[in-house]
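Working notes for the structure below.
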Amino acid sequence: MSKKLRGGGEEKSLSPEEQQAKINDVRKIIGPIADKPPTLCSDASILRYLRARNWNTKKAAKTLKETLKWRLEFKPEKIRWEDVAHEAQTGKVYKANYFDRKGRTVLIMRPGFQNTNNLGGQIRHLVYCIENAIMTMNPDHEQMVWLVDFQRWTMASISVKAARETANILQNHYPERLGLAILYNPPKVFESFWKMVKPFIEPKTYKKVKFVYCNDPQSGKIMEEFFDMDKLDFAFGGRSSIGFDFEAYGQWMREEDKKISDLNSSELPSLTLPITLQSENPESSSPNHVASSDEDEDDSSSSVDEGTSNLKLLDEKTQDQPCSCRDIAHGDAAVVRGQISNH
């Protein structure tokens, strides 16, 4: 069974047995290194990569290995509040203090409140927010909601490069982590920008985006469907006037950083990797590259073989070292979430 995706492709629907077989196939492609980052290579994590690549095992394995390489270089798990506080001063990206009606973590984004020109710093801040959201998700959830507020947004706020890099990181390194994205009250001129960035957005991600307008009664129903209006900020049509308080938010993030760091130090010993994986295909790691969901599985066999060789080398180098799934990736946060709540 399958359903249509934008662009003519189809999204497959597999039985639990078929899904497990796909998971096992991905592990075989990756090789022994799959045992080193257990969280990144857990069943739940591999399933997200498979769903994102429409159950194409070779593409899922390739993307998973690229994520491992990215995490070794970018080290997102080591970013702390103090590293990004200057980017966060205006509240351009922050985690809400409420969940949506399904219990999903909510990230609020306000591109009109951009306060820096450093794309690297902006991406680092965004990654910090995503990592924190994942680590503090409700145990029975693995996806989050993005609420995009267009207050103060103008043509000067446009950055195709930033949008492209954001899409690249979300789709390739955090696949299936976005459950819903609401673009709230975008100005008419944004439609032109949206057409520019659509080529960088995969069909599965594109389908999760909803446009909501404050003067459209039907849009109001969408907000009521997904949010408790008493908790939702008035900027999104809700009744809460709390808003963003930088000092209070910073204290909250410091407390969460400490709890997560303490848990990591006490339960997950650190792993230092002496080598860096080589890029399998420069084009595939480029923000411009978005894999098509209906390509033939065999088209990436050579790069998969090369990547497997690189990962075997990594496995040999780390054979006798303790492993920290937190230092490589933390795709599943149910246990951590529960322990943070009990501290």
Side-chain angles (χ1 to χ4, degrees), residues 84-98 100 105-130 132-133 144-171 174 177-202 205-224 226-227 229 231-246 249 287:
V84 297
H86 61 290
E87 291 282 351
Q89 288 180 350
T90 58
K92 61 188 177 186
V93 184
Y94 65 96
K95 183 175 69 174
N97 62 354
Y98 53 85
D100 79 338
T105 297
V106 177
L107 282 187
I108 294 176
M109 302 183 175
R110 305 191 294 178
F113 287 69
Q114 184 58 261
N115 62 326
T116 68
N117 296 315
N118 184 339
L119 178 58
Q122 294 166 13
I123 294 299
R124 192 170 176 80
H125 175 224
L126 174 64
V127 168
Y128 169 81
C129 293
I130 293 176
N132 177 274
M144 67 189 78
V145 174
W146 286 10
L147 269 178
V148 185
D149 177 9
F150 282 86
Q151 283 186 79
R152 292 166 46 175
W153 191 91
T154 66
M155 288 291 289
S157 305
I158 290 178
S159 173
V160 175
K161 187 175 182 180
R164 186 176 59 195
E165 183 64 14
T166 298
N168 171 59
I169 288 175
L170 178 67
Q171 294 171 162
Y174 298 98
R177 284 301 192 181
L178 181 65
L180 171 69
I182 292 181
L183 307 185
Y184 192 81
N185 222 29
K188 189 71 175 177
V189 68
F190 179 78
E191 294 179 8
S192 299
F193 176 67
W194 182 244
K195 291 178 181 178
M196 293 171 63
V197 301
K198 273 173 63 176
F200 311 124
I201 302 175
E202 294 180 345
T205 303
Y206 177 86
K207 289 169 60 181
K208 298 173 182 177
V209 177
K210 294 183 180 292
F211 283 74
V212 173
Y213 298 91
C214 62
N215 57 356
D216 180 3
Q218 194 63 34
S219 293
K221 293 181 180 179
I222 292 176
M223 301 306 286
E224 291 176 4
F226 288 104
F227 300 99
M229 301 306 284
K231 296 179 180 178
L232 186 67
D233 192 282
F234 70 91
F236 296 103
R239 291 185 282 271
S240 174
S241 59
I242 295 177
F244 176 76
D245 183 320
F246 174 69
Y249 186 75

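Here, residue 1 is the first one in the sequence, and each next residue gets the next number. Source: prediction; values computed, not measured.
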**OP:** Kindly write out the residues that satisfy ring-ring contact (aromatic ring centres under 6.0 Å, His included) with Phe246, not counting sequence neighbours, or none if the list is empty.
**Re:** Trp81
Original post:
Under the ring-ring contact (aromatic ring centres under 6.0 Å, His included) test, which residues partner Phe150, sequence neighbours left out?
Top reply: Trp153, Phe190
Could you state the interatomic distance from [atom1] ([X]) to [atom2] ([Y]), rounded to the nearest 0.5 Å?
| X | Y | atom1 | atom2 | result |
| --- | --- | --- | --- | --- |
| Asn97 | Asp245 | CG | CG | 11.0 Å |
| Ile242 | Leu232 | CD1 | CG | 11.5 Å |
| Lys208 | Glu202 | NZ | CD | 10.0 Å |
| Asp233 | Phe227 | CG | CZ | 11.5 Å |
| Arg124 | Asn118 | CZ | CG | 10.5 Å |
| Lys210 | Ile222 | NZ | CD1 | 5.5 Å |

Short question: side chain of [X], backbone of [Y] - any donor-acceptor pair under 3.5 Å?
| X | Y | value |
| --- | --- | --- |
| Thr90 | Phe113 | yes |
| Gln122 | Gln114 | no |
| Ser219 | Val212 | no |
| Arg152 | Arg110 | no |

Tell me the closest heavy-atom pair linking [X] and [Y], and the distance in Å.
| X | Y | value |
| --- | --- | --- |
| Ala235 | Gln151 | CB-NE2, 3.4 Å |
| Phe200 | Met196 | CE1-O, 3.7 Å |
| Lys231 | Ser240 | O-CB, 3.4 Å |
| Asp100 | Val106 | N-CG2, 3.7 Å |
| His125 | Val84 | CA-CG1, 3.8 Å |
| Pro186 | Phe211 | CG-CD2, 3.6 Å |

Between [X] and [Y], is any pair of side-chain heavy atoms under 4.5 Å apart?
| X | Y | value |
| --- | --- | --- |
| Ile130 | Trp146 | yes |
| Leu180 | Phe226 | yes |
| Trp194 | Ile201 | yes |

**OP:** Start with the C-alpha distance between Leu126 and Ile169, add both sets of side-chain angles, then the distance that settles side-chain contact (heavy atoms from CB on, under 4.5 Å), and finish with yes or no.
**Re:** CA-CA 10 Å; Leu126 174 64; Ile169 288 175; 5.8 Å; no
Original post:
For Val160 and Phe193, what are the C-alpha separation, side-chain angles and deciding distance, and is it a side-chain contact (heavy atoms from CB on, under 4.5 Å)?
Top reply: CA-CA 8 Å; Val160 175; Phe193 176 67; 3.9 Å; yes
**OP:** Check the pair Thr116 / Gln89 against side-chain contact (heavy atoms from CB on, under 4.5 Å), numbers first and verdict last.
**Re:** CA-CA 10 Å; Thr116 68; Gln89 288 180 350; over 6 Å; no
Original post:
So Phe244 and Tyr249, would you call those rings parallel, tilted or perpendicular, with 30° and 60° as cut-offs?
Top reply: tilted
**OP:** Could you walk me through whether Glu87 and Asn115 pass side-chain contact (heavy atoms from CB on, under 4.5 Å), step by step?
**Re:** CA-CA 7 Å; Glu87 291 282 351; Asn115 62 326; 4.2 Å; yes
Original post:
Do Asp216 and Gln218 have a side chain donor and acceptor closer than 3.5 Å?
Top reply: no
